[in-house]
Amino acid sequence: MSKELVTRAEDYSKWYNELVVKADLADHSAVRGCMVIKPYGYGIWENMQKHLDKMFKDTGHVNAYFPLLIPKSFFSKEASHVEGFAKECAVVTHYRLKNDEKGGIIVDEDAKLEEELIIRPTSETIIWNTYKSWIQSYRDLPLLVNQWANVVRWEMRTRLFLRTAEFLWQEGHTAHATAKEAVEETEKMLEVYANFTEEFLAIPVIRGVKTANERFAGALETYCIEALMQDGKALQCGTSHFLGQNFAKAFDVKFATKEGPLEYVWATSWGVSTRLMGALIMAHSDDNGLVLPPKIASTQVVIVPIYKGEEGLKKVSEVALDLVSKLKAKDISVKYDDRDNQRPGWKFAKYELKGIPVRVTLGERDLANGTIEVARRDNLSKETISVNGADNYIEILLNDIQNNLFNKALRRTSESTHVADSYDEFKKILSEKGGFVSAHWDGTTETEEKIKEETKATIRCIPLNNKSEEGKCIYSGKPSKQRVLFALAY
RNA sequence: CGGGGUGUAGCGUAGCCCGGUAUCGCGCCUGCUUUGGGAGCAGGAGGUCGUCAGUUCGAAUCUGGCCACCCCGACCA
């Protein structure tokens with residue numbers, strides 16, 4: 001039925017690329033690696049922001065905004081941080097252009113900056129430089145700040161939403177009096193992310209910690225949530241870092257304790273980005289197009305009228321608009337599409353492509369029977385129900401769709417999680433099935449790197465609350481106390 | 001950033017090898033008929049052929065630089 005898309009089975013990657021563009025979520029821009037997020041896609045991002053922002057506020061955080069441009073010297077203050085980001089920083093070197101002889105525009109060499117500026121790839125340095133002046137005593141702590149911003153990382157290979165040179169995100173940066181409290185914050189925010197992703201995006205996630213090798217540049221511990229996409233590849237959906245005193249020391253941020261002496265503060269940072277859009281798309285959508293969970297869809301219900309002539313439309317609209325106002329009263333977002341330049345069949349296909357969770361069809365035949373037709377996007381089923389009480393029915397249906405999508409994704413994830421006890425078995429699972437592979441690992445970076453070289457699989461995380469289990473590393477045969485999750489990843 | 005591919009109207013394409021200002025479909029505009037799964041007929045508009053330079057009397061076509069996108073690697077949320 002899909003006239004628009006290649007199927008997932010034919011070419012998963014192409015399916016994703018086409019879907020993003022054809023469902024009107026985003027476009028490539030004129031600038032390499034950068035995207036234009038279109039209104040339909042941005043509406044979904046706004047919903048994500050709205051819910052996350054509330055969750056941040058509910059856990060005591062406040063929003064602020066720090067500058068896009070960061071003095072280059074700030075970067076060199078935390079050694080591993082520079083090392084991690086140096087290779088992908090865009091640098092501002094001049095502050096003025098001028099006309100050349102040919103009528104073109106060139107950089108004015110006389111306007112060279114004394115100190116070059118970096119376009120933020122993340123804001124730890126500028127924020128910790130600022131926190132130095134905000135924090136003097138234990139009474140200033142904890143400091144719980146979040147910012148919604150754009151960042152730039154000069155990526156070699158980009159894909160819409162999954163990896164773009166510029167992306168939107170939020171970054172939380174907190175300061176605490178004790179290591180214990182900072183670790184608790186790190187874990188709390190990971191849980192916020194996990195709850196958000198599961199409840200609103202209907203994507204089940206594995207909560208875990210990263211290996212030393214995969215850790216954020218400058219962190220002592222990186223926590224993450226990992227989700228499995230339909231093609232069996234893993235996608236990191238959010239990270240939360242315990243930064244220890246690394247940034248406090250680099251930027252000399254100390255506080256007077258209750259007892260008097262000065263101590264360095266403890267830090268965390270945590271973020272999710274527009275990459276979540278990629279996760280959302282890949283987790284639920286099918287060969288007909290996007291499938292959106294009702295809780296995150298910008299339009300939850302669309303009503304398509306079917307009629308003959310102007311008089312017909314008027315009669316149908318009367319009933320349709322009544323339903324619209326009833327749904328709105330229940331805080332359900334609904335669109336009545338009475339455009340007469342497109343026919344119903346065209347609209348059906350379009351809204352399927354765009355993933356609207358529920359479609360209501362209302363024709364003159366229904367008027368006579370007092371019914372409407374309700375179609376759900378998640379399983380493409382349709383039924384005819386009485387127009388009386390339709391608003392209640394739809395409210396329940398939206399909930400049902402939300403749950404169904406989560407359960408479907410949960411089932412897929414658990415069915416795609418396999419246990420391997422030997423390297424041969426490990427490789428076989430990766431090449432034949434994909435998904436998460438739970439296996440013993442000796443804990444060394446060398447082994448992790450070797451496995452990555454040979455299979456392209458990386459350790460996605462060491463799951464939290466992992467049960468300890470004696471075993472042998474699938475690669476080196478050395479003793480191991482727990483299994484970790486491997487996967488091919490985005 | 002290395003290897004391979006692509007770029008012609010809003011979208012998808014023919015033409016390119018063998019130089020002579022561009023084909024078809026969808027979409028768009030107007031009108032009429034239609035409307036329960038991507039409507040039909042009639043008429044119409046829309047292109048400096050990615051971009052810049054070169055070769056030539058003449059370039060979508062040949063040559064080179066650049067830009068963007070896709071695939072495969074190295075790097076990464």
Side-chain angles (χ1 to χ4, degrees), chain A residues 1-4 6 11-14 16-18 21-22 27-35 83-89 102 104 121-122 151-171 193 210 213-217 222 224-227 234-241 269-279 288-289 304-310 312-313 316 337-353 359-369 371-373 375 380 382 384 452-453 456 458 460 489-490:
Chain A
M1 149 115 179
S2 169
K3 279 192 184 174
E4 306 261 359
V6 298
D11 188 338
Y12 191 84
S13 167
K14 195 171 178 192
Y16 174 84
N17 293 337
E18 287 187 358
V21 172
K22 291 185 172 165
D27 255 336
H28 292 282
S29 71
V31 183
R32 178 196 191 86
C34 295
M35 65 179 160
E83 204 184 311
F85 286 106
K87 289 173 301 227
E88 46 189 21
C89 285
K102 295 172 196 161
T122 178
V151 287
V152 168
R153 297 181 186 175
W154 213 262
E155 299 289 348
M156 293 306 160
R157 202 171 154 185
T158 59
R159 289 188 79 189
L160 294 177
F161 291 121
L162 295 173
R163 176 164 295 108
T164 46
E166 179 191 16
F167 57 93
L168 306 184
W169 76 347
Q170 57 69 218
E171 43 182 328
Y193 287 156
K210 288 290 187 190
N213 199 35
E214 299 270 331
R215 213 170 268 157
F216 175 75
T222 288
C224 62
I225 50 172
E226 294 279 333
L235 182 70
Q236 179 176 301
C237 291
T239 49
S240 181
H241 315 288
S269 70
W270 28 273
V272 297
S273 71
T274 37
R275 182 178 238 205
L276 282 176
M277 294 288 292
N288 292 328
V304 177
I306 296 170
Y307 57 90
K308 291 192 195 352
E310 252 178 67
L313 176 61
V316 169
D337 186 354
D338 61 352
R339 288 178 298 172
D340 67 350
N341 57 336
Q342 298 300 351
R343 300 171 77 255
W346 186 91
K347 292 178 186 173
F348 295 169
K350 209 69 186 169
Y351 290 120
E352 247 157 51
L353 179 64
R359 183 191 74 229
V360 170
T361 310
L362 177 55
E364 293 182 71
R365 206 160 70 206
D366 291 300
L367 289 186
N369 301 331
T371 58
I372 57 171
E373 182 189 80
L380 298 170
K382 295 188 275 202
T384 300
K452 185 180 175 184
E453 261 171 50
K456 291 183 189 167
T458 49
R460 299 321 302 155
Y490 277 96

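Below, chains carry the letters A, B, ... as their sequence lines are ordered, and counting in each starts from 1. Computation of the quantities below employed the complete heavy-atom set of this structure, encompassing side-chain atoms and omitting hydrogens, waters and symmetry-equivalent molecules.
For the C1' atoms, the distance linking C24(B) with A14(B) amounts to 7 Å, nearest Å. U8(B) and G47(B) have their P atoms separated by 16 Å, given to the nearest Å. Between G20(B) and A9(B), the two C1' atoms lie 23 Å apart (nearest whole Å). For the C1' atoms, the distance from C67(B) to U35(B) is 46 Å, rounded to whole Å. Using atom P as the reference point in both G64(B) and C29(B), the two lie 44 Å apart (nearest Å). Between U55(B) and U61(B), the two P atoms lie 15 Å apart (nearest whole Å). When the P atom is used for both A59(B) and C17(B), the distance is 14 Å, rounded to whole Å. Spacing between A74(B) and A60(B) at atom P, rounded to whole Å, works out to 42 Å.
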- [ ] Quick one: the dot-bracket string of RNA chain B, using Watson-Crick and G-U wobble pairs with both distances under 3.5 Å, [ ] for crossing pairs and | for bases paired to another strand.
- [x] ((((((((.[[[..)....(...]]].((((((.....)))))).....[[[[[..)....]]]]])))))))....

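Residues C224(A) and R460(A) fail the side-chain proximity criterion, which asks for heavy atoms closer than 4.5 Å. Taking the side chain as every heavy atom from C-beta outward, V316(A) and E364(A) approach each other to under 4.5 Å. Side-chain atoms of L160(A) and N17(A), non-hydrogen and from C-beta on, never get closer than 4.5 Å to each other. For the pair V6(A)/E18(A), a side-chain contact is recorded, criterion being any heavy-atom separation below 4.5 Å from C-beta on. Proximity of E171(A) to V151(A): side-chain heavy atoms (C-beta onward) are separated by under 4.5 Å at one or more points. Two residues are said to be in side-chain contact when any heavy atoms from C-beta on lie closer than 4.5 Å; F85(A) and T122(A) meet this criterion. By the 4.5 Å heavy-atom criterion applied to side chains, M35(A) and T158(A) are not counted as neighbours.
The 12-atom threshold is not exceeded at CD of E83(A), counting heavy atoms of other residues, nucleotides or ligands nearer than 6.0 Å. Applying the 6.0 Å contact sphere to CD of E453(A) captures more than 12 heavy atoms from other residues, nucleotides or ligands. Annotation for W154(A): atom CH2 does not count as buried by contact number, only 12 or fewer foreign heavy atoms lying within 6.0 Å.
Considering only side-chain atoms of R343(A), the nucleotide from C75(B), A39(B), G38(B) that sits closest is A39(B). For E155(A), the side-chain atoms get nearest to C75(B) when compared with the rest of C75(B), U35(B), G37(B). Distance from the side chain of R359(A) is smallest for G37(B) among the nucleotides C75(B), G37(B), U35(B). Each of A39(B), G37(B), A74(B) was ranked by its minimum atom distance to the side chain of R157(A); first place goes to A74(B).
K14(A) has its NZ atom 16 Å from the C1' atom of C72(B), to the nearest Å. Nucleotide U33(B) holds its C1' atom 16 Å from the CG atom of N341(A), rounded to whole Å. The nearest whole Å value for the distance from the CZ atom in R153(A) to the P atom in C75(B) is 17 Å. If you measure from atom CZ of R339(A) to atom P of U35(B), you get 19 Å, rounded to the nearest angstrom. A straight line from CG of D11(A) to P of C72(B) spans 9 Å, rounded to a whole angstrom. What separates NZ of K22(A) from P of G38(B) is a distance of 19 Å, to the nearest Å. Summarising the geometry, the separation between CG on L353(A) and P on G37(B) is reported as 19 Å, rounded to the nearest angstrom. To the nearest angstrom, C1' of U35(B) lies 13 Å from CG of D337(A).
Within the 4.0 angstrom heavy-atom criterion, only backbone atoms of the sugar-phosphate kind lie near Q342(A); the bases stay farther away. Among the heavy atoms of the strands, none lies under 4.0 Å from K347(A). L162(A) comes within contact range of at least one nucleobase, with a heavy-atom separation under 4.0 Å. Counting any heavy atom pair closer than 4.0 Å across all strands shown, F167(A) reaches a base atom. Among the protein residues, T371(A) comes within range of no part of the nucleic acid, since none of its heavy atoms lies under 4.0 Å from any strand.
Shown here, U21(B) is classed syn by the O4'-C1'-N9-C4 or O4'-C1'-N1-C2 angle, which is within 90° of 0.
Between E88(A) and E373(A), the one whose closest nucleotide on RNA chain B sits nearer the 5' end is E373(A). Map E214(A) and K308(A) each onto its nearest nucleotide of RNA chain B; the residue landing nearer the 5' end is K308(A).
Contact of K456(A) with G73(B) (side chain to base): no donor-acceptor pair of N or O atoms is detected under 3.5 Å. For E352(A) and G37(B), a side-chain-to-base donor-acceptor distance below 3.5 Å is present, hydrogens and geometry of angles not being considered.
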Set out, line by line, the N/O atom pairs under 3.5 Å between protein and nucleotides 66-70 of chain B.
residue	atom	partner	partner atom	Å
A68(B)	OP2	R32(A)	NH1	3.4
C69(B)	OP1	G33(A)	N	2.8
C69(B)	O3'	H28(A)	NE2	3.4

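Taking L313(A) as the reference, P305(A), Y307(A), S317(A), Y336(A), D338(A) meet the side chain to side chain contact (heavy atoms under 4.5 Å, CB included) condition, with sequence neighbours excluded.
Of the listed residues (K350(A), R359(A), K347(A)), just one forms a side-chain contact (heavy atoms from CB on, under 4.5 Å) with D337(A), and that residue is K347(A).
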